[in-house]
Peer 1: 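Please find one structure pasted underneath; my questions will follow.
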Protein chains: 2
Amino acid sequence: MTFELTILGSSSATPLINRHPSAQVLNYHERFFLIDCGEGTQMQMLQYKVKMSKIQHILISHLHGDHYLGLMGLLFTMHLNGRLDELHVYGQPELMDIIDLQLKLSNTILRFTLIFHPVQHYRSVVIYDDDDFQISTIILNHRIPCTGFLFREKMRMHKLNMDEVAKYDIPVSKLNRIKAGEDFTDADGNIIKNEKLILPPQQLRSYAYCSDTIYDEEIIPYIKGVDLLYHEATFGDEMKERAQATFHSTAKQAATIARKAEVKRLMIGHFSARYKELQTLLDEAQTVFENTELAIEGNLVQVGEC
Amino acid sequence: MTFELTILGSSSATPLINRHPSAQVLNYHERFFLIDCGEGTQMQMLQYKVKMSKIQHILISHLHGDHYLGLMGLLFTMHLNGRLDELHVYGQPELMDIIDLQLKLSNTILRFTLIFHPVQHYRSVVIYDDDDFQISTIILNHRIPCTGFLFREKMRMHKLNMDEVAKYDIPVSKLNRIKAGEDFTDADGNIIKNEKLILPPQQLRSYAYCSDTIYDEEIIPYIKGVDLLYHEATFGDEMKERAQATFHSTAKQAATIARKAEVKRLMIGHFSARYKELQTLLDEAQTVFENTELAIEGNLVQVGEC
């Protein structure tokens, strides 16, 4: 099952050419979640061939412009492109005021239903839950109310043990039910237990998105052991006072959180425009947590093992 | 004296790759005016090397997203880049509500002074006036209140007749005063009249920006004879019913306005995303008004003769 990110932007507040503000698209088994939506996100979707009609959920971490200023343009474009499917938007309650005001002043009544989910910033809650996937919020520590998001698989289709499947001559029509956990009953009424027909269960995968935040160990319980942690790393080590003053993190601090939370991989992003090249930030993070990578726009990033 | 436009965007509501929503920068003798500010304008400024610190005035024609959604991002970036110079913003009164709400929710107090000039949409008024340059509004006919802008030179420095200047052996230090219209008195007290020392007066130049509007001959008195008319041409001739229904114009209609207003040149823009290539729109316009060009982002466009 696909569990894949497309990075659309990883700049902090001021953009560079080819470094756009925060936006990522998460594809979990053809459910598409847009995570933050900085200015230009709809153009980045065109650039990286993300179909905006497929986006069903938009999650906004907080109301600093570099995380949401692309939202109105995207909504208008969806409207003009004739979207009819409902769209879920999650964010601070006041985000809906911003949307409402601009719809009203442009005299726009959206063709599709926009379902707004106000997000609390003082305690972690589940904001999305279906049969096999769940999203909850992570309380971040920033200058204004800010939440991260934790994406977790709840169950995972089993992989078939094809040798055993062949041995019992199981018809193709039954395979999906076996993947879903059912036993198999052959023509003579013999029951073959499910665990004989499948491979050992796979780990449930998880992804945590943490932007923007000061270094804060209080997030560790929420992100413990995730397959992939995105943590902001606005600054290098030489700017740690500035990171502290602006409620941002350094690359080393992001890596320290990753190490203490025992995550499997760390991806850093939200880079200050002062860093024209990013190798130094990566190097600094890797001195603390080796399995670190950079969020580079256009990159496809797999979460866990497929 | 420079009177030059940089086109930053000329798409209508939905962007394409490499076709951004409306934005132009007008440089009149090192006074910089940003005309409309669609999403991504700040990135386009980086791309085309327009220094945002130089922008002193931002004019917003109306509150459809493709004409103003880049404004907040630009304001935030100016703020973060340490701008201290005051900035003048002109637009529908409610634009200030949009700005205020987003400043408040991001907990931002701009470092620089933003002077907001509410623009009336029911009668043409002068909104900017200095010694040699004036801007007035043009009432456009769109689905929501919408104004165009007319930029006019009021006077122009004279060009020197260098043969005469040499003949009277005029010191360099006096030349600027002669350009400004003064006579010259030589060492013996002889007065050389200004008109002997300068070339015949040049035409005062003008630029009219008309976006968005249905075909409406009522704008003709405002734009009569301008050196350059920018007129929206969202659609081709085959879509004229749709143009009518959405209060937009076709390329031919833009050209008809240009011909009837006896302007010198026409530039069409605000192209619908359905036109991947624009030659057909240009061809259609040129059947009515030959001196037509396309607004292509990155283009530098001179207004009148320098």
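Quick note on labels: first sequence line is chain A, next is B, and so on, each numbered from 1.
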Peer 1: In terms of heavy-atom proximity below 4.5 Å to chain B, should A/L75 be classed as side chain, backbone, both, or neither?
Peer 2: neither
Peer 1: Which pair of heavy atoms, one from A/L294 and one from A/M267, lies closest together, and at what distance?
Peer 2: C-CG, 4.1 Å
Peer 1: Could you tell me which portion of A/I17 (side chain, backbone, both or neither) has an atom closer than 4.5 angstrom to a non-hydrogen atom of chain B?
Peer 2: both
Peer 1: Picking from B/P15, B/P145, B/A273, B/G73, which has the most non-hydrogen pairs under 4.5 angstrom with chain A?
Peer 2: B/P15
Peer 1: Which heavy atom in A/F149 sits nearest to a heavy atom in A/I135, and how many Å separate them?
Peer 2: CB-CG2, 4.2 Å
Peer 1: Are A/I127 and A/L59 packed together at the side-chain level, in the sense that at least one heavy-atom pair is separated by less than 4.5 angstrom?
Peer 2: yes
Peer 1: With a 4.5 Å limit on heavy-atom distance, are the side chains of A/L110 and A/L87 in contact?
Peer 2: no
Peer 1: Are there donor-acceptor pairs under 3.5 Å across chain A and chain B? List atom names and distances.
Peer 2:
from   : atom 1 : to     : atom 2 : distance (Å)
A/E39  : OE1    : B/Q42  : NE2    : 2.9
A/E39  : OE2    : B/G40  : N      : 2.6
A/G40  : N      : B/E39  : OE2    : 2.6
A/Q42  : NE2    : B/E39  : OE1    : 2.9
A/H64  : NE2    : B/S106 : O      : 3.4
A/Y68  : OH     : B/Q102 : OE1    : 2.9
A/Q102 : OE1    : B/Y68  : OH     : 2.8
A/S106 : O      : B/H64  : NE2    : 3.4

Peer 1: Is there side-chain contact between B/P21 and B/L69, with at least one heavy-atom pair below 4.5 Å?
Peer 2: no
Peer 1: To the nearest 0.5 Å, what is the distance between SG on A/C37 and CD1 on A/I58?
Peer 2: 6.0 Å
Peer 1: Please report the shortest heavy-atom distance between B/I296 and B/I7, naming the atom on each side.
Peer 2: O-CB, 3.5 Å
Peer 1: Could you look at A/L105 and say if it's the side chain, the backbone, both or neither that has a heavy atom under 4.5 Å from chain B?
Peer 2: both
Peer 1: Could you tell me which non-hydrogen atom of A/V119 sits nearest to which non-hydrogen atom of A/P93, and how far apart they are?
Peer 2: O-CD, 3.7 Å
Peer 1: Of the backbone (N, CA, C, O) and the side chain (C-beta and beyond), which part of B/L101 lies under 4.5 Å from a heavy atom of chain A, both, or neither?
Peer 2: side chain
Peer 1: Examine whether an atom of A/L80 lies under 4.5 Å from a heavy atom of chain B, and if so say whether it belongs to the side chain, the backbone or both; otherwise answer neither.
Peer 2: side chain
Peer 1: Please identify each residue that fulfils side-chain contact (heavy atoms from CB on, under 4.5 Å) with B/A233, with sequence neighbours left out.
Peer 2: B/A251, B/A254, B/I268
